[in-house]
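Worksheet: one structure, shown below.
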Protein chains: 2
Amino acid sequence: MSESGKRYKAMVDKLKEHNHKLTPQRLAIIKILSQSEGHPSVEDIYRELQRNFPGISEATVYRNILLIKSLGEVLELGFAGEGTRYDGRKPHPHPHIVCVTCRKIIDPDLESLNQMTKEITQESGFEILTYRLDFFGICPECCRKKE
Amino acid sequence: MSESGKRYKAMVDKLKEHNHKLTPQRLAIIKILSQSEGHPSVEDIYRELQRNFPGISEATVYRNILLIKSLGEVLELGFAGEGTRYDGRKPHPHPHIVCVTCRKIIDPDLESLNQMTKEITQESGFEILTYRLDFFGICPECCRKKE
DNA sequence: CTTTCTGCAAAAATTTTGCACGGAC
DNA sequence: GTCCGTGCAAAATTTTTGCAGAAAG
């Protein structure tokens with residue numbers, strides 16, 4: 001099964017497990033979340049849905065994302081200056097690299113992260129629950145085009 | 001001179017350098033930005049200002065923060081779920097630790113960061129321009145209260 | 001004096017909520 | 001049949017914009 005297929009199934013299972021109904025709108029939303037590589041906004045998801053659900057309401061998108069978020073199946077990414085965006089493919093915290101030119105987002109592996117979390121815990125005395133790490137830069141493709 | 005005094009002066013200089021007028025409202029806003037340790041929101045700044053400027057407008061706060069941001073003298077921190085917050089004391093990127101209980105934000109020192117940026121550059125081929133790193137957890141004070 | 005800045009109010013833009021109907025189970 | 005979920009509209013937020021008058025330089 002494809003990666004997005006697995007994510008879709010995991011979300012459906014989580015909904016069933018918590019006795020939430022599987023409405024067509026709800027399923028369509030999790031399908032988009034499980035497939036979108038571009039970290040879509042509510043507005044993106046709403047527009048995408050309108051192709052198959054002409055009468056769908058924005059409130060439905062907001063309410064379902066709220067629900068899916070409460071189940072821990074989507075990662076919410078607030079950016080200053082633009083609306084909140086969502087990652088349903090990898091719902092657990094992970095670093096991103098965002099190309100400021102083409103807005104592409106890549107998920108790198110980072111050895112140093114566990115080390116860093118330890119350092120933070122020791123220095124601050126906080127009980128660290130989660131984190132958010134984004135690098136912003138220009139991707140190799142856009143670097144080439146610049147010249 | 002105090003740290004906040006230096007920041008205040010740096011912001012005033014930057015305003016002069018770019019031929020922006022030094023209105024009382026503007027000066028009051030940069031004074032708050034240079035002194036606030038709590039990473040205030042626009043709303044926080046607006047309320048604070050009302051003590052000395054009863055008739056001040058929210059639009060003035062928004063417009064001035066936009067200006068100061070364009071001069072690179074304040075760091076904008078967008079969080080999903082709550083409004084944008086600002087750091088005028090350290091306008092260049094640095095890590096934060098956010099207490100999810102009392103919303104306090106503190107600035108830790110982190111040795112591992114340069115190392116990490118190198119790792120990212122090598123792995124991704126991106127030209128890294130900036131980053132954003134926030135840890136979320138429960139601060140020592142709130143940990144204690146919980147029990 | 002000139003140009004920018006401010007306050008006010010209206011307008012956008014974004015997210016939440018109340019309510020009655022409809023559909024999943 | 002029973003609830004939960006949806007669509008719609010209104011409300012609550014948050015941020016931006018237009019304009020006339022005020023004030024900094």
Side-chain angles (χ1 to χ4, degrees), chain A residues 11-33 39-71 73-74 76-86, chain B residues 11-33 39-71 73-86 103:
Chain A
M11 293 197 221
V12 171
D13 289 348
K14 189 67 81 83
L15 286 171
K16 283 182 185 163
E17 182 189 326
H18 290 263
N19 300 314
H20 296 294
K21 295 183 176 173
L22 303 179
T23 66
Q25 294 93 331
R26 185 164 285 169
L27 291 173
I29 289 168
I30 68 172
K31 173 151 268 178
I32 291 174
L33 284 174
H39 298 68
S41 64
V42 166
E43 189 57 26
D44 293 334
I45 296 169
Y46 175 63
R47 270 200 310 275
E48 174 78 19
L49 284 167
Q50 283 182 309
R51 296 199 291 127
N52 297 317
F53 297 85
I56 200 168
S57 159
E58 294 203 312
T60 296
V61 183
Y62 277 104
R63 280 188 281 227
N64 275 294
I65 286 187
L66 200 66
L67 172 66
I68 297 162
K69 199 170 60 180
S70 76
L71 299 174
E73 291 294 328
V74 70
E76 186 177 49
L77 298 173
F79 291 101
E82 65 177 306
T84 305
R85 293 171 64 175
Y86 297 89
Chain B
M11 292 197 221
V12 171
D13 289 348
K14 190 67 81 82
L15 285 171
K16 284 182 186 164
E17 182 189 328
H18 287 78
N19 301 312
H20 296 294
K21 295 183 175 173
L22 303 179
T23 66
Q25 294 92 333
R26 186 164 285 166
L27 290 173
I29 289 168
I30 68 173
K31 174 152 267 178
I32 291 174
L33 284 175
H39 300 69
S41 64
V42 167
E43 188 58 25
D44 294 333
I45 296 168
Y46 175 63
R47 270 200 309 273
E48 175 78 16
L49 285 167
Q50 283 183 311
R51 295 199 290 129
N52 297 317
F53 297 86
I56 199 168
S57 159
E58 295 204 309
T60 296
V61 184
Y62 276 106
R63 281 187 282 226
N64 275 295
I65 286 187
L66 201 64
L67 171 66
I68 298 162
K69 199 171 62 180
S70 76
L71 300 175
E73 292 293 329
V74 69
L75 188 65
E76 186 178 48
L77 299 173
F79 292 101
E82 67 177 305
T84 305
R85 293 172 66 174
Y86 296 90
R103 304 313 292 174

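We name chains A, B, ... by the order of the sequence lines, and we start the count at 1 in each one. Quick caveat, the model's predicted, so the values are computed rather than measured.
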Nucleic acid footprint by protein, nucleotides 19-25 of chain D - heavy-atom cut-off 4.0 Å, B for base, S for sugar-phosphate alone: -----BS
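Distance CD/Gln50(B) to CD1/Ile45(B): 12.5 Å, rounded to 0.5 Å. The structure places CZ of Arg103(B) at 6.5 Å from CZ of Arg85(B), a figure rounded to the nearest 0.5 Å. Here the straight-line distance linking atom CG of Asp44(B) with atom CG of Leu49(B) works out to 11.0 Å at 0.5 Å rounding. The distance from the CD1 atom of Ile29(B) to the CG atom of Leu33(B) is 7.5 Å, given to the nearest 0.5 Å. Interatomic distance, NZ of Lys14(B) versus CD1 of Ile68(B), reported as 11.5 Å (0.5 Å rounding). Taken to the nearest 0.5 Å, the CD1 atom of Ile32(B) stands 12.5 Å off from the OH atom of Tyr46(B).
Under the salt bridge (Lys or Arg N to Asp or Glu O under 4.0 Å) criterion, the residue pairs touching residues 51-71 of chain A are Glu48(A)-Arg51(A), Lys69(A)-Glu76(A), with sequence neighbours excluded. Contacts classified as side-chain hydrogen bond (donor to acceptor under 3.5 Å, both in side chains) and involving residues 20-32 of chain A (residues at least two apart or in different chains) are given here: Arg26(A)-Asn64(A).
Side-chain contact between Ile30(A) and Leu15(A) is present, with at least one heavy-atom pair separated by less than 4.5 Å. Residues Ser70(A) and Leu67(A) have side chains in contact (heavy-atom distance under 4.5 Å, counting atoms from C-beta outward). No side-chain heavy atom of Thr84(A) sits less than 4.5 Å from a side-chain heavy atom of Val42(A).
In summary, contact between chain A and DNA chain C, defined as any nucleotide atom under 4.0 Å from a heavy atom of the protein, begins and ends at dT14(C) to dC25(C) in the 5' to 3' direction.
DNA chain D lies under 4.0 Å from at least one heavy atom of each of the following residues of residues 25-32 of chain A: Gln25(A), Arg26(A). Near DNA chain D, meaning a heavy atom under 4.0 Å away, the residues from residues 46-59 of chain B are Glu58(B), Ala59(B).
Residue Ile65(A) comes nearest to Val74(A) through the heavy atom pair O-CG1, 4.3 Å, listed as atom of the first residue, atom of the second, then distance.
The distance from atom CG of Leu66(B) to atom P of dT14(D) is 18 Å, rounded to the nearest whole Å. Whole-Å rounding puts the Asn19(A) CG to dT2(D) P distance at 19 Å.
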